[in-house]
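Hydrogens, waters and symmetry mates play no part in the numbers below; they use all other heavy atoms, side chains included. All values derive from a computational prediction rather than experimental measurement.
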Number of protein chains: 2
Amino acid sequence: MEPVLDLSRPCRSCLRCDLKPACRPVGLDGLEACPLDGVVRADRLLGRTDRLFRAGGEMACVYLVREGALKTVTLAPDGEEQVLGFHLAGELLGLDALATGRHRCDAVALGSATLCELPFPSLLARAAQRPALHAQLYRAIGRSAGRDQEHVEMLIRRQAADRIAMFLHALLERTRPFGEAPLAPALTLPMSREDIARYLGLALETVSRGFTRLQDDGVIGVAGRHVEIRNADTLRRLVRQG
Amino acid sequence: MEPVLDLSRPCRSCLRCDLKPACRPVGLDGLEACPLDGVVRADRLLGRTDRLFRAGGEMACVYLVREGALKTVTLAPDGEEQVLGFHLAGELLGLDALATGRHRCDAVALGSATLCELPFPSLLARAAQRPALHAQLYRAIGRSAGRDQEHVEMLIRRQAADRIAMFLHALLERTRPFGEAPLAPALTLPMSREDIARYLGLALETVSRGFTRLQDDGVIGVAGRHVEIRNADTLRRLVRQG
DNA sequence: CGGCGCCTTGACTGGCTTCAAAATGCGTGG
DNA sequence: CCACGCATTTTGAAGCCAGTCAAGGCGCCG
């Protein structure tokens, strides 16, 4: 990771970025036409457990993950941490405050992470000049909501094994390099078993057992946080059949 | 319920409507200033089990519930219906298609229902002229996302009793008449036990038992779909303590 | 090399699902 | 208006899945 990021050039995650057509016109020669010039204010650098924003805090910016990953969490009334979502490279972050202007959850870096930072008022002002940007923004919000819906669909499934298979499948889809194979062959999980458990509404031991079970069945290979896909078809079938 | 709705006058649910400031300027003398004049196209009348839109269908409109209630559902791969959300009077509906332009779920009326229908292209065109409308729209989307987040928070709670208490509490908050008592004293559930179960990821028998238990503990009174709040403080405590 | 998270594995318990049947409510047609 | 039939809801009993408690292994960093 570079100590200082060069904002004048698109990075790898820009290829899949939620705001791609609105931001870096990848593939075009110049950057003069970038609708977000002057709006993407500065990069933000986070370390593991650093908080990007906190529940109750005023929403200043919308963020785009460039490198690394974050989780959004709420503190349940009983003190337990609930994981609402994971945010990977290219994904939007910070829209939870859209209704009230104040964040509903904390955003925590799962490791070193860099982000694009878009001051929301500037973004809206720019969108007022360029209607296409509004359309982009709505689409990005829609994708974010779609991920939330997938989360709900996992949680409603009553069998732990189903939830775990769906989680892995969704994560693999999201990390899949743009335009490549139907399913990434391997990935390194940015989050702990406990984070996964609190995301899926399970005990962390259950998640661990679920991974082991998938390995015993020859679907995946697990070594700590490194997961290798051994049988993508079976994984897909597990997700479909429930 | 009137056979034909008078769109020139605000109805009861307009008081809590997700788009209120943008639509009927309730309290003002005239309606000339309504930013949505000409956009709210016509009212839609639905009967029980009628579908407002279906998964895969092209998104034409955004809807606002005037009377009645709807549920949004997906068909799980195993054929089971999953309930993603309930939409009460004044709430927005149809934003699930924001990302792709195609709906991700079905919307089903839980009983007779009437809706305001806002063709999305017209809405965006009008918003381009009136920036404040965009702001309204973002807020409405944010509220919708906030309800989804509450849903996730219920589902992550592992005890069935917690989920049921939270569900009741949230529903009471949402049906509470504008500016009135902290919690509605009673309500008639628009959805069946099975719908609630598929919304909470539980078996319908578990939901029924949960209601009975709350009644035995003196928290609520249950008679079929009619629920009366006997001890609002206890209900709130259940929600907070988990 | 030692300590400390993190992950895995095992045994046991409890809560939820499942299966089953009875009761209640509701709309329809006689 | 009442009787019937169907859908919905309640209640009961039994079995299983997942949570809890506990211990051991692994890898990482100091």
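For the pair Leu95(A)/Ile141(B), no side-chain contact is recorded, criterion being any heavy-atom separation below 4.5 Å from C-beta on. Residues Leu172(A) and Leu187(A) form a side-chain contact, since some pair of their non-hydrogen atoms from C-beta on lies under 4.5 Å apart. Side-chain atoms of Arg104(A) and Glu150(B), non-hydrogen and from C-beta on, do get closer than 4.5 Å to each other.
At distances below 3.5 Å, not a single donor-acceptor pair connects side-chain atoms of Asp217(A) with backbone N or O atoms of Val219(A). Not a single donor-acceptor pair under 3.5 Å links the side chain of His226(A) to the backbone N or O of Ala186(A). Side-chain atoms of Arg102(A) do not come within 3.5 Å of backbone N or O of Ala55(A) as any donor-acceptor pair. Under a 3.5 Å cut-off, the side chain of Arg193(A) and the backbone N or O of Gly224(A) do form a donor-acceptor pair. Under the 3.5 Å distance criterion, the side-chain polar atoms of Arg157(B) are left unmatched by any main-chain donor or acceptor of Asp162(B).
Taking both residues in full, the closest heavy atoms of Phe86(A) and Ile196(A) are given as CZ-N, 4.4 Å, listed atom of the first, atom of the second, then distance.
Using a 4.0 Å heavy-atom criterion, one finds that Arg213(A) contacts no nucleic acid atom at all. Nucleic acid contact class of Ser208(A) (heavy atoms, under 4.0 Å, all strands): base.
Scanning DNA chain C 5' to 3' for nucleotides with an atom closer than 4.0 angstrom to a non-hydrogen atom of chain A gives a first and last hit of dC6(C) to dT18(C).
OP1 or OP2 of dT9(D) sits under 4.0 Å from a side-chain N or O of Arg225(B).
Residues satisfying the side chain to side chain contact (heavy atoms under 4.5 Å, CB included) criterion with Leu84(B), sequence neighbours excluded, are Gln149(A), Val152(A), Glu153(A), Thr72(B), Thr74(B), Cys105(B).
dT9(D) atom P lies 13 Å from atom CZ of Arg198(B), rounded to whole Å. Look at CE on Met191(B): it is 11 Å from P on dT9(D), rounded to the nearest Å.
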Sugar-phosphate means primed atoms, P, OP1 and OP2; the rest is base. With that split, encode nucleotides 18-26 of chain D 5' to 3' as B, S or - using protein heavy atoms under 4.0 Å. SSBBB----
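Arg44(A) pairs with exactly one of Thr114(A), Asp50(A), Leu52(A) by the side chain to side chain contact (heavy atoms under 4.5 Å, CB included) rule, that one being Leu52(A).
One axis for each end of the helix from dC1(C)-dG30(D) to dG30(C)-dC1(D), each built from five base pairs, and the angle between them comes to 40° at 10° resolution.
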Could you go over nucleotides 4-6 of chain D and give all protein N or O partners under 3.5 Å, atom names and distances?
none

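Among pairs with a residue in residues 89-100 of chain B, those fulfilling side chain to side chain donor-acceptor pair (under 3.5 Å) read Glu91(B)-Arg174(B), Asp96(B)-His103(B), at least two apart in sequence or across chains.
In summary, Asp216(B) and Arg213(B) do not engage in a salt bridge, as defined by a charged side-chain N under 4.0 Å from a carboxylate O.
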